[in-house]
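By convention in this document, chain letters (A, B, ...) are assigned in the order of the sequence lines, proteins followed by strands, and residues within each chain are numbered from 1.
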Number of protein chains: 2
Amino acid sequence: MGVERVAFSMKDQPVPTDCCSCPIRDRAVCALCDGEELSKLDAIKSYKTYAPGQEIVGAGEPWPYVASVVTGVVKLSKTLSDGRRQMVGLLFASDFLGRAANRPDTCDAIAATETTLCRFRREPFEALMKKTPHLEQRLLQITQDELDAARAQMLLLGRKTAKERVASFLLTLLRRSAPAAFTGQARIATIPLSRDDISDYLGLTIETVSRRMTELKKEGLIELVDARTFRVLDLQALEDAAQENYSE
Amino acid sequence: MGVERVAFSMKDQPVPTDCCSCPIRDRAVCALCDGEELSKLDAIKSYKTYAPGQEIVGAGEPWPYVASVVTGVVKLSKTLSDGRRQMVGLLFASDFLGRAANRPDTCDAIAATETTLCRFRREPFEALMKKTPHLEQRLLQITQDELDAARAQMLLLGRKTAKERVASFLLTLLRRSAPAAFTGQARIATIPLSRDDISDYLGLTIETVSRRMTELKKEGLIELVDARTFRVLDLQALEDAAQENYSE
DNA sequence: CGTTCGGTTGAGTAGGCTCAAGCTTAGTGG
DNA sequence: CCACTAAGCTTGAGCCTACTCAACCGAACG
């Protein structure tokens, strides 16, 4: 898995990025901020890169930051005392990590891929938020979007079959990690999660994920380039299989 | 079902409540507002009472309001094209209904019990929110709390057994609809939902809900006063059965 | 060449679903 | 006052989907 490279990327050194050239400038929590507000944020921010599998913050632990995901994918999961796990959120570039309120989150946050965060120290961030409606407005939008996503996932977890869940997951990936591919011809995307992670996300076991993935392949809806890359061959059929054709 | 009484309560006449004597004044979206802000809200608000089972707003429909639940319980549910339903939220007194952004919600909102809403016209509410940080702050807190609740429910739907789901549900009711009963001696609460609604909420069938409820009764954890009222006989055992003992 | 890890495939099991019948309660009308 | 009905709930029997346990495969690595 390239331990050497991983160790290197874990170094806690600032990534040379300023806000103007930031890839998530238009969508992150700072999206509505003007130049002056940005410079105040700049004063309390720091970048940090995490290796795949590295814990960002554990459930219930205090964390003196909030953060935007700049690149990479972050898993949010909950665990029962006997070890059963359920992923309750999957954060992509521009998504926000951490509660503004001081209440500790009851989720683990773990980097799924190599991930760079733009972290803000919590206390000054909260103080700044009170004085900066732009910041609060955008955070409210982001939180509402996450609530929508959580509710869509509740429908999946409560009512969809294994095959529908896997198909839905692939569509989510296509939309979120490669928006261009969704409408374009390519319709190819990488899966930023292991089978283990996928089963945590979908409320299934790795065996069931594997079986249903193979089934979608055999039916000609998708092609598995390798275990971590897929191409959609029949988008309409995949949407049907996912029960995500909101035509009616 | 008392159709006569229902028809009466459905009349669209203002409930004689002013903000000062409002039962949810300290927790609703207006909780942080001062007197002047309240009077601005007062100018755009109207009360409306819904009968049990009455639709407040359908999935995807536009709704020219946002609202606080004053009394009663509101179900938020999603439906697949073949009829499978999943409840994705259960709103009690002081909870907030409707997105501040104009994006239509993809959930039905249906009154579970007789419910009174304090509605604000959407457009002036949004305008007011931009000028009133108190409003936006409180709405952010409320939205984050709902996101937490949604994530807890995702763990339930993805990983808990039927018995654990039912036990968790009863504990939620105890906490949310009768907070006093949770710590006090009574530990008795009414169930504001039919078995059908409960099964929608827990991602189960009504038969499974009924069976597991009976099981909890036979094991002496709860007593069913009637189908809509229960008393907790062994709180510790119920928390264990729900896998909600966060001791470790 | 052996080991390990992530993924796939196979056989058998079990928990929740389906279909069906029975029970309880409230409301209705003779 | 007592059938009769209807709706909500409970109970029972059998089935099916996803889980468990186990073996196997292939690539990466030492």
Side-chain angles (χ1 to χ4, degrees), chain A residues 1-6 52-53 80 82-86 112-113 156-169 190-218 222-230 241 243, chain B residues 1-6 52-53 80 82-86 112-113 156-169 190-218 222-230 241 243:
Chain A
M1 187 57 90
V3 174
E4 218 53 46
R5 181 163 42 89
V6 158
L80 291 172
D82 60 5
R84 282 174 284 173
R85 280 177 81 81
Q86 177 62 50
T113 64
L156 180 150
L157 293 171
R159 294 301 180 196
K160 286 190 180 178
T161 65
K163 188 176 177 183
E164 289 164 351
R165 295 183 200 202
V166 172
S168 296
F169 170 67
T190 61
I191 304 174
L193 303 178
S194 66
R195 292 292 185 272
D196 224 334
D197 288 338
I198 299 172
S199 63
D200 276 357
Y201 186 61
L202 297 179
L204 299 169
T205 58
I206 59 172
E207 294 95 332
T208 298
V209 170
S210 181
R211 279 187 250 270
R212 297 290 86 83
M213 202 94 96
T214 309
E215 191 181 350
L216 291 174
K217 187 181 71 180
K218 282 184 181 162
I222 61 167
E223 177 193 344
L224 281 174
V225 180
D226 62 57
R228 291 288 197 119
T229 314
F230 71 98
Q243 288 283 329
Chain B
M1 188 58 90
V3 174
E4 218 53 48
R5 181 163 42 86
V6 158
L80 291 172
D82 61 3
R84 282 173 283 173
R85 281 177 80 82
Q86 177 62 49
T113 64
L156 180 149
L157 293 171
R159 295 301 180 194
K160 287 190 180 179
T161 65
K163 188 177 178 183
E164 289 164 352
R165 295 183 200 203
V166 172
S168 295
F169 171 67
T190 62
I191 304 174
L193 303 178
S194 66
R195 292 291 186 275
D196 225 332
D197 289 338
I198 300 173
S199 62
D200 278 355
Y201 186 61
L202 298 179
L204 300 169
T205 58
I206 59 171
E207 294 94 331
T208 299
V209 170
S210 181
R211 279 187 251 270
R212 297 290 87 81
M213 201 93 96
T214 310
E215 192 181 349
L216 291 173
K217 187 181 73 179
K218 281 185 181 160
I222 61 168
E223 177 192 343
L224 281 173
V225 180
D226 60 56
R228 291 286 197 119
T229 315
F230 69 98
Q243 289 282 334

Picking from D:dC9, D:dT10, C:dT8, which would you name as closest to the side chain of A:I206?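 For A:I206, the side-chain atoms sit closest to C:dT8.
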Rounded to the Å, how far apart are [X] [atom1] and [N] [atom2]?
X	N	atom1	atom2	result
A:M213	C:dT9	CE	C1'	15 Å
B:R195	D:dT11	CZ	P	10 Å
A:D197	C:dC5	CG	P	16 Å
B:E215	C:dG15	CD	P	11 Å
A:L224	C:dG7	CG	P	12 Å
A:R228	D:dA28	CZ	P	14 Å
A:I198	C:dT8	CD1	C1'	13 Å

Which pair of heavy atoms, one from A:P192 and one from A:A112, lies closest together, and at what distance?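 Shortest heavy-atom separation between A:P192 and A:A112 comes out as O-CB, 3.9 Å.
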Taking the side chain as every heavy atom from C-beta outward, state whether [X] and [Y] have any atom pair closer than 4.5 Å.
X	Y	answer
B:R212	B:T161	no
B:L156	B:Q243	no
A:M213	A:R195	yes
B:L157	B:Q86	yes

Heavy atoms under 4.0 Å, any strand shown: does A:R165 hit a base, just sugar-phosphate, or nothing?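 A:R165: no heavy atom of the nucleic acid under 4.0 Å.
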Sequence neighbours excluded, which residues qualify as side chain to side chain donor-acceptor pair (under 3.5 Å) partners of A:R84?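 Residues passing side chain to side chain donor-acceptor pair (under 3.5 Å) with A:R84: A:D82, B:E164.
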Which letter, B, S or -, goes with each nucleotide of nucleotides 13-26 of chain D from 5' to 3', with contact meaning a protein heavy atom under 4.0 Å? B----SSBBB----
